[in-house]
Q: 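Encoded as structure tokens, here's the structure I'll be asking about.
Start at 1 with the first residue, then count along the sequence.
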Amino acid sequence: MILSLFLSIIIPLIFGFCILNLFFYATPYFIKRSPDNEKHNILEFFIWSYGTGCGLITLFIFVLSILGLPFNLWVFNLPLLILFLINIIFIFLKRRIAVQLYFSSFRRFSFIEIALILIILFEIFFALSESVLRPVINFDAIAQWGWNAKVLFFEGHQFFDSHSDLFLGGVHINYPLHIPLLMTWFYFWQKPIGDIAFLRQIDTNLINDASVNLLFSLYFLALVGLIYFSLRRIVSRKLSLLFAAILATLPLIDYHSFNAYADLPLAFYFTGAAVFMFFYFQNQRKQWLILSAIFSGLAAWTKNEGLFLAIIIFVILFLYLLKEKKIRTHLKDLAIFFIIFSVIFWPWMLYKLFYGLGYSNMANDSFGSLGFHPEIFSPVLFQIFFARSFNLWFGIFVLILFIRLKQLKKDHNLYLLLIILGSVLSYFLIYLLTPSFKFAMDGTVVGRNFITIAPFSIFLAANLLSARGGKSE
């Protein structure tokens, strides 16, 4: 059990490492100069690798399944093994990996830094302990994400059969499949290694349903690590730890670290995409553009809202190149972003178009037509600033924006704010104009939606409060 759990976690990390390593090997061949003059903390690169690996493994499983290949662990691991061997060949020929990695040097910690580290470690321990001590029990996890994973695991031959009642799980069939496929990946590693055929009768003793919660705690750990290491590039260690601790202690973020919903993984991918785009704005190194495109594609592959968030990042990239008068010389950058994003997202999008799945789940609902619902403003604003367990963070964030208004014009911070405002506007338009207004009114979706915005707003706030104007120690 422990070995299987370890393999289900470490293989996505290795796979993601191989993918990123090949991307950075290939970069000098389709870009005139190599952008890889920058060293990366090895733990930071592992975070990127784990997120990339989890997302692309589920995409591989999806593509292999719709191509009609057998739905089992042996088939899923074959392309991963091939990719690993290709990496070994490249490393042998190049005598090095494509990225420069280093371990952090641990200078003496102050009392405040030690206290902040202990707070973060406590929150991580809390998330991990909660995840392994209880099964998937929350409503959407049972009715949607967990249900689809169970159908995939026990009746995989029917899941992609459009004539079956269990086609794409049978409920909310237009939802992206990253989360249920990743949960299924965890389930597969709990099967006896020799068992490659699907069961025809459910035996709940074959799987530990609580262990699948662990993947959401790992996304929580990755998100906190992503914020900390990204901030360390531009602010002091103390400030990085402070804002990582603020993120780790937001109650709603904590709750989503073990509730088996898709919102925290979406927050991780969207935050990564936005942060990497900010670093691209700072130095135009293509590695950041590649990472932003990968994470944007994975955000769209995680949840329907991810597509709108990815479009916002692409639009901000276009506006940046337009304002900086680099649109002609950097058309290749737009093409790189769009191609990488499309390779990740379009297999699912084409599948949806082929079967006419669409985006709305309420086409036949009495609320199923577009309308105008200004009554959402008061309850939505109340939930954002007071009721949705964000510890008053968004009120503090708005205050920081006003205090550091001049700083917004420096170091491309305005583009960060535009990403946040674009995301907020997209959510409000959905609440205002679509049948989703009723879920905004009853408090079902607002907190979940703003989970995706909270981490990136923390990144922007830390950058605005830094006295060094975007330069690390």
Q: Among Phe23, Trp48, Tyr280, find the residue that satisfies the ring pair (Phe, Tyr, Trp, His ring centres under 6.0 Å) test when tested with Trp288.
A: Trp48

Q: Please work out whether the ring planes of Phe394 and Phe390 are parallel, tilted or perpendicular, with thresholds of 30° and 60°.
A: perpendicular

Q: Using side-chain heavy atoms (C-beta onward) and a distance below 4.5 Å, is Phe154 in contact with Tyr187?
A: no

Q: What residues, two or more places apart in sequence or in another chain, satisfy side-chain contact (heavy atoms from CB on, under 4.5 Å) together with Leu166?
A: Trp147, Val151, Glu155, Gln158, Ser164

Q: What verdict does the side-chain contact (heavy atoms from CB on, under 4.5 Å) test give for Val445 and Ser436, after you've listed the backbone C-alpha separation in whole Å, the side-chain angles of each residue and the deciding distance to 0.1 Å?
A: CA-CA 9 Å; Val445 301; Ser436 294; 5.7 Å; no

Q: Would you call the rings of Phe278 and Phe459 parallel, tilted or perpendicular if under 30° counts as parallel and over 60° as perpendicular?
A: perpendicular

Q: Sequence neighbours excluded, which residues qualify as side-chain contact (heavy atoms from CB on, under 4.5 Å) partners of Val132?
A: Leu214

Q: For Asn413 and Asn463, test the side chains for any donor-to-acceptor distance below 3.5 angstrom and give the result as yes or no.
A: yes

Q: Less than 3.5 Å apart, which donor and acceptor atoms pair up between the side chains of residues 9-18 and the rest of the protein, not counting sequence neighbours?
A:
none

Q: Indicate yes or no: at least one non-hydrogen side-chain atom of Leu181 is less than 4.5 angstrom from one of Trp301.
A: yes

Q: Test: salt bridge (Lys or Arg N to Asp or Glu O under 4.0 Å). Region: residues 298-314. Which pairs qualify, not counting sequence neighbours?
A: Asp263-Lys303, Lys303-Glu305

Q: So, do Ile179 and Pro265 sit near enough that their side-chain heavy atoms are less than 4.5 Å apart?
A: yes

Q: Is there side-chain contact between Arg237 and Phe109, with at least one heavy-atom pair below 4.5 Å?
A: yes

Q: Not counting sequence neighbours, list each pair that qualifies as a salt bridge (Lys or Arg N to Asp or Glu O under 4.0 Å) and has a residue in residues 173-190.
A: none

Q: Ring pair (Phe, Tyr, Trp, His ring centres under 6.0 Å) with Tyr320: which residues, sequence neighbours excluded?
A: Phe281, His412, Tyr415

Q: State which residues pass side-chain contact (heavy atoms from CB on, under 4.5 Å) with Ile403; sequence neighbours excluded, sorted by chain then number.
A: Leu399

Q: Please tell me if the side chains of Phe46 and Asn41 come closer than 4.5 Å, counting only heavy atoms from C-beta onward.
A: no

Q: Check side-chain contact (heavy atoms from CB on, under 4.5 Å) between Ala293 and all other residues, then give those that pass, not counting sequence neighbours.
A: Phe337, Ile340

Q: Between Glu130 and Asp254, is there a donor-acceptor pair closer than 3.5 Å when you use the side chain of the first and the backbone of the second?
A: no

Q: Only counting residues at least two apart or in another chain, list the ones meeting ring pair (Phe, Tyr, Trp, His ring centres under 6.0 Å) with Tyr261.
A: His256

Q: Are the side chains of Ser466 and Leu239 in contact, using a 4.5 Å heavy-atom criterion?
A: yes

Q: Between Phe385 and Phe382, does a side-chain contact (heavy atoms from CB on, under 4.5 Å) hold up when you go through it step by step?
A: CA-CA 5 Å; Phe385 289 104; Phe382 180 76; over 6 Å; no

Q: Classify the ring geometry of Trp185 against Trp189: parallel below 30°, tilted from 30° to 60°, perpendicular beyond 60°.
A: perpendicular

Q: Stepwise, does the side-chain contact (heavy atoms from CB on, under 4.5 Å) test hold for Phe159 with Leu168?
A: CA-CA 5 Å; Phe159 191 87; Leu168 300 181; 3.7 Å; yes

Q: Taking only residues two or more places apart in sequence, or in another chain, which ones meet Phe295 in a ring pair (Phe, Tyr, Trp, His ring centres under 6.0 Å)?
A: Phe268, Tyr269, Phe276

Q: What residues, two or more places apart in sequence or in another chain, satisfy side-chain hydrogen bond (donor to acceptor under 3.5 Å, both in side chains) together with Ser230?
A: none

Q: Return all side-chain donor-acceptor pairs below 3.5 angstrom for residues 118-128, not counting sequence neighbours, or 'none' if the list is empty.
A:
none

Q: Would you say the ring centroid of Phe428 lies under 6.0 angstrom from that of Phe377?
A: yes

Q: Side chains of Tyr431 and Asn449: is there a donor and an acceptor less than 3.5 Å apart?
A: yes

